[in-house]
Amino acid sequence: MSFPLLTAVAAVPAIGAIATAALPAAKRTAAKWLALLFSLVTFALALVVGFRFDPGAKGPFQLTESHAWISDFGVRYELGVDGIAVALIALTTLLIPFVILAGWHDADPLEEATPNRRWRPTQGFFALILAVEAMVVLSFEATDVFLFYIFFEAMLIPMYFLIGGFGDRADGDSEEQSASRRSSAAVKFLLYNLAGGLIMLAAVIGLYAVTADQLGTGTFSLQQIVEARAAGKLEIGTGTERLLFLGFFFAFAVKAPLWPLHTWLPGAMGESTSPVAVLITAVVDKVGTFAMLRFCLQLFPEASSWATPVILVLALISVLYGALLAVAQRDIKRLIAYASISHFGFIILGIFAMTSQGQSGATLYMVNHGISTAALMLVAGFLISRRGSRLIADYGGVQKVAPVLAGTFLIGGLATLSLPGLAPFVSEFLVLVGTFSRYPVIGIIATLGIVLAALYVLVLYQRTMTGPVKAEVKSMPDLRVRELVVVAPLIALLLFLGVYPKPLTDLVNPAVGHTLSVVDKKDPQPTVQVDAVPGGSRPGHAVHDQDVEAAK
């Protein structure tokens, strides 16, 4: 029996979470180093997965594992990865060590108890982070729908405690008021996502009933269902398929988050510590967009095509709405949250453009957004911890007293606005090209999101980093060694993937091609305008490339 590598990638952080939580209360430093060690081992295993994965191999999934689990109900422990899953597992396991390092002191108990300060269990904080990592990784690996659903929902519990139990104290609020705000944000996060999950559960049960009726035995296996449909053995009625699709898509749209189901995100990110905010938007939320590609499109191809026009409009609204509200924000963390809503709109736009460029760009966007948002949010967290305020108006002239902090903040911001030469530019460009080739009007309007992104990022930098040095920031220290260790690799990745994205595109393109073949979509043929073509074509008539060659 081959080594269960995919199980190991998820099991290591799960074991690490248990080991960290079990340490005595006095072993706070040991808990930090233990959590960091387990996260680094997990990343090393993820690299092994990447090296063993062959993008050119046949079949949708590799490194597969399949074992009977709940046989009476057709539930199996089935894992497998395609190029998209490999890229997102690499992103997740890469970011967790930086999240741990950035939050090194976020859960330290305070020596003196005051009304505005509280005792925070260090072991619990880092154990919860590792638990989230394990569940996210399993969500990317699961090819059994029911198995995926379990971890898709289970990750909500540790996230609830991270948001509600370890958030920052809001500016001007007492500890009691701040705790109330954190609790409200955590409850809203949980209720929204649980509502989506319950609707998805009904759809999962419905899918099982359909397979049991037509195949004789019910199954949750993604690959088995896709193959049965391709062979004509499984035919889901149009109305049934559309209802099932809506059940799945609703849950994923909440997680993504897509307008108008996004309202939980700004509060959750604003009330969380900066490392937890990174965990939300750069890691957990990616499960929603990933699941749209893996489950919505492949399980329900006809319904996906049917719903595409409405979804594209919702994604376009997300792009513009998120960017406009980011421009209006006075709170640094909430600005980054609304910017993320805009970016997720681009990702969903690329997915449902149903073109190879759009879906490749969407996948790259998931990875690049995770890196850029992590860089910007973590540096913002270092800035906020120094000044003690999230309000933009409380800063000014930071670049004169902390130039390294200001420089890394600028690079993270420029990546957020997709500056050419930084990683997000390539993904945003591909999304817009892929969307324009099939839906030109939507593609043109979506480019306004780029203009608005430049506005909110540059205004944020101008108001916080330039101008006269405010009295409260005159003694602000620059980035320390631990903070540089967190930020420098992320900046390096943004630069590397900005000028050389080929490793990622080679990894994800075969998986994108498989998804499009399941949905039975092909890229639109490009057309050009010519004055005249031999054989009777009229001036200005649109012809295909081969006709132009014939004319030549």
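This one's a predicted model, so the numbers in the text were calculated from it and none came from an experiment.
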Open item on the list: Going by the rule side-chain hydrogen bond (donor to acceptor under 3.5 Å, both in side chains), which residues pair with D506 if we only count those two or more places apart in sequence or in a different chain?
Closed with: K502
Open item on the list: Could you work out, with side chain to side chain contact (heavy atoms under 4.5 Å, CB included) as the rule, every residue matching V469, not counting sequence neighbours?
Closed with: K400, V401, V473, K474
- [ ] Kindly write out the residues that satisfy side chain to side chain contact (heavy atoms under 4.5 Å, CB included) with V278, not counting sequence neighbours, or none if the list is empty.
- [x] V99, A282, A374, M377, L378
- [ ] Answer yes or no: is there a side-chain heavy-atom contact under 4.5 Å between I341 and P266?
- [x] yes
Task: Side chains of I280 and I163 in contact at under 4.5 Å (non-hydrogen atoms) - done: yes
Task: Set of ring-ring contact (aromatic ring centres under 6.0 Å, His included) partners for F344, sequence neighbours left out - done: H369
Open item on the list: Are F189 and Y160 an aromatic pair, judged by ring center distance below 6.0 Å?
Closed with: no
Open item on the list: Testing the 3.5 Å rule here: is there a donor-acceptor pair between the side chains of T263 and Y192?
Closed with: yes
Task: Ring centers of F252, F152 separated by less than 6.0 Å - done: yes
TODO: Please assess T281 against S340 for the test side chain to side chain donor-acceptor pair (under 3.5 Å), listing each intermediate value before the final yes or no.
DONE: CA-CA 7 Å; T281 190; S340 291; 3.2 Å; yes
TODO: Side-chain contact test, heavy atoms from C-beta onward, threshold under 4.5 Å: evaluate it for D285 versus L265 and give yes or no.
DONE: yes
- [ ] Tell me, please, which residues at least two apart from Y461 pass side-chain hydrogen bond (donor to acceptor under 3.5 Å, both in side chains).
- [x] Q399
Task: Those residues that, when tested against Y456, pass ring-ring contact (aromatic ring centres under 6.0 Å, His included) (two or more places apart) - done: none
- [ ] Mark yes or no for whether T464, through its side chain, and I392, through its backbone, hold a donor-acceptor pair below 3.5 Å.
- [x] no
- [ ] Flag the pair E302 / R242 as yes when at least one side-chain heavy-atom distance between them is below 4.5 Å, and no otherwise.
- [x] yes
Task: Partners passing ring-ring contact (aromatic ring centres under 6.0 Å, His included) against Y338 (at least two apart in sequence or in another chain) - done: none
Open item on the list: Can you tell whether the side chains of R386 and E472 come within less than 4.0 Å, N to carboxylate O?
Closed with: no
- [ ] Could you list the residues that satisfy side chain to side chain contact (heavy atoms under 4.5 Å, CB included) with L324, not counting sequence neighbours?
- [x] L452
- [ ] Not counting sequence neighbours, which residues clear side-chain hydrogen bond (donor to acceptor under 3.5 Å, both in side chains) with R387? List them please.
- [x] none
Open item on the list: Against F352, only a single residue in L297, L314, T435, I347 fulfils side chain to side chain contact (heavy atoms under 4.5 Å, CB included); can you say which?
Closed with: L297
- [ ] Identify the residue among R182, R390, K333 that makes a salt bridge (Lys or Arg N to Asp or Glu O under 4.0 Å) with E271.
- [x] R390
Task: F166 side chain reached by S272 side chain, heavy atoms, under 4.5 Å - done: no
TODO: Identify, with sequence neighbours excluded, every residue that meets side chain to side chain contact (heavy atoms under 4.5 Å, CB included) alongside V426.
DONE: L364, L430, P501
Open item on the list: According to ring-ring contact (aromatic ring centres under 6.0 Å, His included), who are the partners of F290, at least two apart in sequence or on a separate chain?
Closed with: F140
Open item on the list: Once side-chain hydrogen bond (donor to acceptor under 3.5 Å, both in side chains) is applied, do any residues pair with E428, and if so which ones, sequence neighbours excluded?
Closed with: Y365, S418
